There are 2 protein chains.
Amino acid sequence: MGTKQRLPDRKSKITVREVARRANVSESTVSRIMRNKGLVAEATREKVMETVRAMGYVPNRIAGSLASLDSFLVGVVIPSLSNIVFPEVLQGVHAGLEGSDLQPVISTTEYNIDREEAVVRGILSWKPAAILLAGFDHTDATRKMLEQSGIRVVEMMDIDSTPIDIAVGTSHRRAGHAIGRHLIERGYRHFGYVGHDWDADRRARLRYDGLCEALSEAGLSIEAHAMADGASSVAEGRIQTARLRASAPQIDVAVYSNDDMAVGGVFHCLAEGIRLPDEFAVFGFNGLDIGKELPQPLSTVRSNRFLIGKKAIEEVLASPERPSEPTIIDTDFEVFIGATA
Amino acid sequence: MGTKQRLPDRKSKITVREVARRANVSESTVSRIMRNKGLVAEATREKVMETVRAMGYVPNRIAGSLASLDSFLVGVVIPSLSNIVFPEVLQGVHAGLEGSDLQPVISTTEYNIDREEAVVRGILSWKPAAILLAGFDHTDATRKMLEQSGIRVVEMMDIDSTPIDIAVGTSHRRAGHAIGRHLIERGYRHFGYVGHDWDADRRARLRYDGLCEALSEAGLSIEAHAMADGASSVAEGRIQTARLRASAPQIDVAVYSNDDMAVGGVFHCLAEGIRLPDEFAVFGFNGLDIGKELPQPLSTVRSNRFLIGKKAIEEVLASPERPSEPTIIDTDFEVFIGATA
DNA sequence: CTGTTAGCGCCTTCAG
DNA sequence: CTGAAGGCGCTAACAG
């Protein structure tokens with residue numbers, strides 16, 4: 001299986017027992033003091049804390065957790081750390097955890113639901129207080145484990161499916177629809193789409209579907225596509241934009257699968273001297289910081305990843321018991337009118 | 001202190017004992033099977049695995065860890081998740097952990113060494129197999145805890161100080177020096193510096209020191225500074241570049257504290273129609289992806305954050321015992337000649 | 001306010 | 001190849 005790390009026998013042999021002996025009190029007293037729980041005379045507390053400091057005693061939470069059947073861990077399962085949006089979710093998680101003495105344990109799935117299954121099994125074996133995941137795409141086994149665990153389960157990012165327990169995010173389908181409506185109102189009629197791998201990024205697909213719906217309601221459709229094979233990146237955005245414009249010169253606006261791709265599109269235009277948005281317009285998704293700082297701010301939809309992570313934790317802390325009905329928390333989105341579309 | 005989460009009494013009452021009873025074997029047998037350790041007849045193994053699956057049994061690692069005195073956790077302490085370099089380090093950590101059944105527990109300090117102290121105390125109470133931190137800037141108490149813990153301690157990012165145990169990173173002082181040499185060779189003589197808060201980012205300061213050294217060796221010096229008060233960002237890069245150019249028009253090249261700031265500088269030039277690198281040259285640090293994709297690739301120094309995280313874990317897995325002498329692992333850097341300087 | 005008594009769930013001997 | 005006993009370090013009752 002894997003490599004186990006035997007704890008060094010060196011220092012860390014300091015236990016409650018030793019502290020109790022040295023301070024001439026019982027183990028429970030030391031325990032009470034360390035946890036700030038129960039009544040203890042100020043005098044004993046100080047005496048004990050003195051020897052605690054002197055010995056450099058650090059309570060063993062593994063043991064504490066086992067004895068009290070309390071958990072101090074929250075599992076967080078995200079597809080990857082290379083897409084900036086997930087670290088942003090983690091920031092929210094950290095913010096939400098502030099002052100709660102729960103520790104996040106983070107694993108990545110690399111966009112693979114079988115890996116997710118393994119990772120979830122591993123995390124559940126730590127008996128976490130709750131588990132947060134990205135999206136709704138799980139194996140049956142994963143789903144079963146999550147249901148059986150009895151702990152709170154948060155599926156983050158979108159709210160376009162029925163969650164196991166809690167969903168926190170925004171409707172990507174509605175966001176895509178809003179993009180379509182917005183661009184139509186601004187007078188665009190010839191739409192292109194620049195995207196990346198839909199199998200790995202199902203939310204990008206949801207946005208695309210919403211967009212198509214809006215166009216179709218107006219009697220329009222997407223006239224050309226340029227799709228990258230793999231993950232989204234600025235580099236792919238440049239490449240695919242070039243391809244799109246070469247293959248379909250009539251396009252006056254391209255909707256991008258996300259801001260990474262869209263920034264690539266903007267860079268292509270800058271490099272080629274294409275005037276934005278008159279000659280060609282670019283619309284992204286995510287509201288990444290970089291987009292705001294471009295010479296012309298990127299037109300995009302802002303979803304609030306930080307808020308997603310934060311709300312997820314807050315919900316879990318607020319009601320540790322899983323209710324019978326699923327909970328859905330909409331963190332909403334906002335159309336940002338930049339200078340590129 | 002904080003909110004404790006009582007484990008739900010609902011489902012998760014399945015223990016080795018129940019499994020053993022149902023499968024008509026002893027607890028030890030179940031335990032052996034779950035851990036793939038020791039001899040077990042193929043027939044019993046299958047019988048037991050059957051009931052394990054049927055009951056949805058997930059071993060409790062809290063208990064396992066306590067009983068075996070083995071640890072399955074690695075602590076990772078980073079300043080923040082908002083600076084992209086730290087998620088990159090985490091990626092390397094995850095990569096290095098692949099197949100080792102250790103789980104990373106991540107905490108952030110928000111660039112505050114007192115918070116770091118609290119965070120390290122919390123992590124050590126989980127008796128991790130090792131702990132990774134960013135940098136050498138700790139409180140005395142933190143340092144003491146780390147030394148006493150007996151576990152492997154990795155201080156990541158730079159190697160410009162003597163580590164408690166292991167240092168993994170590159171010499172930022174040497175990198176700064178290399179930037180200076182490189183730019184002098186390319187003929188630049190009037191240097192400016194665009195930076196951000198040195199108190200929070202000591203490595204930026206080290207690079208600056210190295211740069212000054214190189215200039216001084218050539219009889220040159222930095223003629224103008226523009227410093228942001230807070231953290232680095234593309235936005236601050238734009239603002240400070242404008243300030244620098246307004247206050248010191250003679251500057252022909254600006255060295256930036258990092259790529260975020262430098263990209264801001266490039267955006268400023270794009271927006272103002274300043275020709276790079278002839279009219280004004282920009283040099284960054286970090287080798288962020290975004291820099292490569294600019295209409296003109298950013299000239300910068302590449303440090304390999306992924307490698308830092310990966311090497312850190314690899315070293316810790318390779319030798320779990322702390323040797324008497326500190327270990328220093330140089331992940332090196334590379335001057336990247338882009339089109340902006 | 002403090003001590004005593006039983007475990008928490010599992011793993012490691014050591015027998016058989 | 002399998003089982004029985006004891007304990008990992010701590011905490012939840014309960015007494016006093």
Side-chain angles (χ1 to χ4, degrees), chain A residues 1 4-9 11-48 52 55 57-73 101 124-128, chain B residues 1 4-9 11-48 52 55 57-73 101 124-128:
Chain A
M1 288 279 325
K4 293 192 180 179
Q5 305 297 318
R6 179 155 290 275
L7 293 174
D9 304 317
K11 278 289 178 189
S12 40
K13 269 297 162 222
I14 310 158
T15 71
V16 250
R17 174 170 286 124
E18 335 294 328
V19 178
R21 250 203 260 293
R22 279 250 243 154
N24 265 74
V25 293
S26 72
E27 299 182 22
S28 341
T29 300
V30 176
S31 172
R32 281 189 198 99
I33 291 169
M34 293 311 289
R35 285 172 301 133
N36 262 314
K37 209 183 172 185
L39 302 175
V40 187
E42 194 46 36
T44 21
R45 152 170 281 114
E46 293 200 347
K47 179 179 62 176
V48 171
V52 162
M55 304 180 73
Y57 169 62
V58 179
N60 182 337
R61 278 212 179 172
I62 303 266
S65 192
L66 180 62
S68 65
L69 299 181
D70 275 336
S71 171
F72 297 87
L73 259 18
D101 85 2
L124 287 181
S125 72
W126 284 101
K127 306 291 166 189
Chain B
M1 286 283 327
K4 294 191 183 181
Q5 304 297 318
R6 177 154 292 274
L7 293 174
D9 304 316
K11 278 288 178 190
S12 40
K13 268 298 162 220
I14 311 159
T15 71
V16 253
R17 174 171 285 123
E18 335 294 327
V19 178
R21 252 203 256 294
R22 279 252 242 152
N24 266 74
V25 292
S26 73
E27 298 181 22
S28 340
T29 302
V30 176
S31 172
R32 283 190 196 98
I33 291 170
M34 293 311 289
R35 284 172 302 133
N36 263 312
K37 208 182 173 187
L39 301 175
V40 187
E42 193 47 37
T44 21
R45 154 169 279 113
E46 293 202 345
K47 182 180 62 178
V48 171
V52 163
M55 303 179 74
Y57 169 62
V58 179
N60 182 338
R61 280 215 180 172
I62 303 267
S65 193
L66 180 62
S68 66
L69 300 181
D70 275 335
S71 170
F72 297 87
L73 259 20
D101 86 1
L124 287 181
S125 72
W126 284 102
K127 304 292 164 188

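Remember, predicted model here, so these are calculated numbers, not experimental data. Both backbone and side-chain heavy atoms feed into the values below; hydrogens, waters and symmetry mates do not. Throughout, protein chains are lettered first and strands after them, A, B, ... in sequence-line order, and every chain is numbered starting at 1.
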Please compare B/Leu39 and A/Arg17 by the position of their nearest nucleotide in DNA chain D and report the one closer to 5'.
B/Leu39
For B/Ala67, all residues meeting side-chain contact (heavy atoms from CB on, under 4.5 Å), sequence neighbours excluded:
none
When we call it a touch if two heavy atoms are under 4.0 Å apart, what does A/Ser28 touch: a base, just sugar-phosphate, or nothing?
base
Under the side-chain contact (heavy atoms from CB on, under 4.5 Å) test against A/Val16, which residue among A/Val52, A/Asn60, A/Val30 passes?
A/Val30
Atom-pair distance (CD on B/Glu27; P on C/dT13), nearest Å:
17 Å
Based on the rotation axes of five pairs at each end, what angle does the helix from C/dC1-D/dG16 to C/dG16-D/dC1 bend through, to 10°?
30°
Distances for protein N or O near nucleotides 14-16 of chain D N or O, under 3.5 Å:
none

In whole angstrom, what separates B/Asn24's CG from D/dG3's P?
9 Å
Between C/dT2, C/dT12, C/dC10, spot the one nearest the side chain of B/Ser68, thanks.
C/dT12
How long is the line joining NZ of A/Lys47 and P of C/dT2, in whole Å?
8 Å
Any B/Tyr57 side-chain heavy atom under 4.5 Å of B/Met34 side chain
yes
Taken to the nearest 0.5 Å, the spacing of A/Leu39 CG from A/Arg45 CZ works out to 9.5 Å
Do any side-chain nitrogens or oxygens of B/Ser26 fall under 4.0 Å of OP1 or OP2 in D/dT2?
no
Residue of the set A/Val25, A/Ile33, A/Ile14 for which side-chain contact (heavy atoms from CB on, under 4.5 Å) holds with A/Val19:
A/Ile14
First of B/Ala63 and A/Thr29 reached from the 5' end of DNA chain C, by closest nucleotide
A/Thr29
Does B/Arg35 place a side-chain N or O at less than 4.0 Å from the phosphate oxygens OP1/OP2 of C/dC11?
yes
Minimum-distance nucleotide to A/Leu69 side chain [options: C/dC1, C/dG9, C/dT12]
C/dG9
A/Thr44 side-chain N/O to C/dT2 phosphate OP1/OP2 under 4.0 Å:
yes
Rounding to a whole Å, what distance do you find between B/Asp70:CG and D/dG9:C1'?
15 Å
Interatomic distance, CG@A/Leu73 vs CH2@A/Trp126, rounded to 0.5 Å, equals 7.5 Å
For atom NZ of B/Lys127 and atom C1' of D/dC10, their distance in whole Å
12 Å
Exercise: do A/Ser26 and A/Thr29 side chains pair donor with acceptor under 3.5 Å
yes
What integer distance in Å separates A/Leu66:CG from D/dT11:P?
11 Å
Residue-phosphate contact under 4.0 Å: B/Tyr57 side-chain N/O, C/dC10 OP1/OP2:
yes
Give the rounded distance in Å between these two atoms: CH2 of B/Trp126 and P of D/dG9.
16 Å
Compare the minimum distances between each of D/dC10, D/dT2, C/dC10 and the side chain of B/Val40, then state the nucleotide with the smallest one.
D/dT2
Nucleotide D/dC8, atom C1' - distance to CG of A/Asn60 in whole Å
9 Å
B/Arg61 backbone acceptor or donor facing A/Ser125 side chain under 3.5 Å
no
Report yes or no: does B/Ser65 contribute a side-chain atom to a donor-acceptor pair with the main-chain N or O of B/Ile62 at less than 3.5 Å?
no
Using the rule given for side chain to side chain donor-acceptor pair (under 3.5 Å), can you reason through A/Ser28 versus A/Arg32, listing the C-alpha separation, both sets of side-chain angles and the distance that settles it, and then say yes or no?
CA-CA 6 Å; A/Ser28 341; A/Arg32 281 189 198 99; 4.8 Å; no
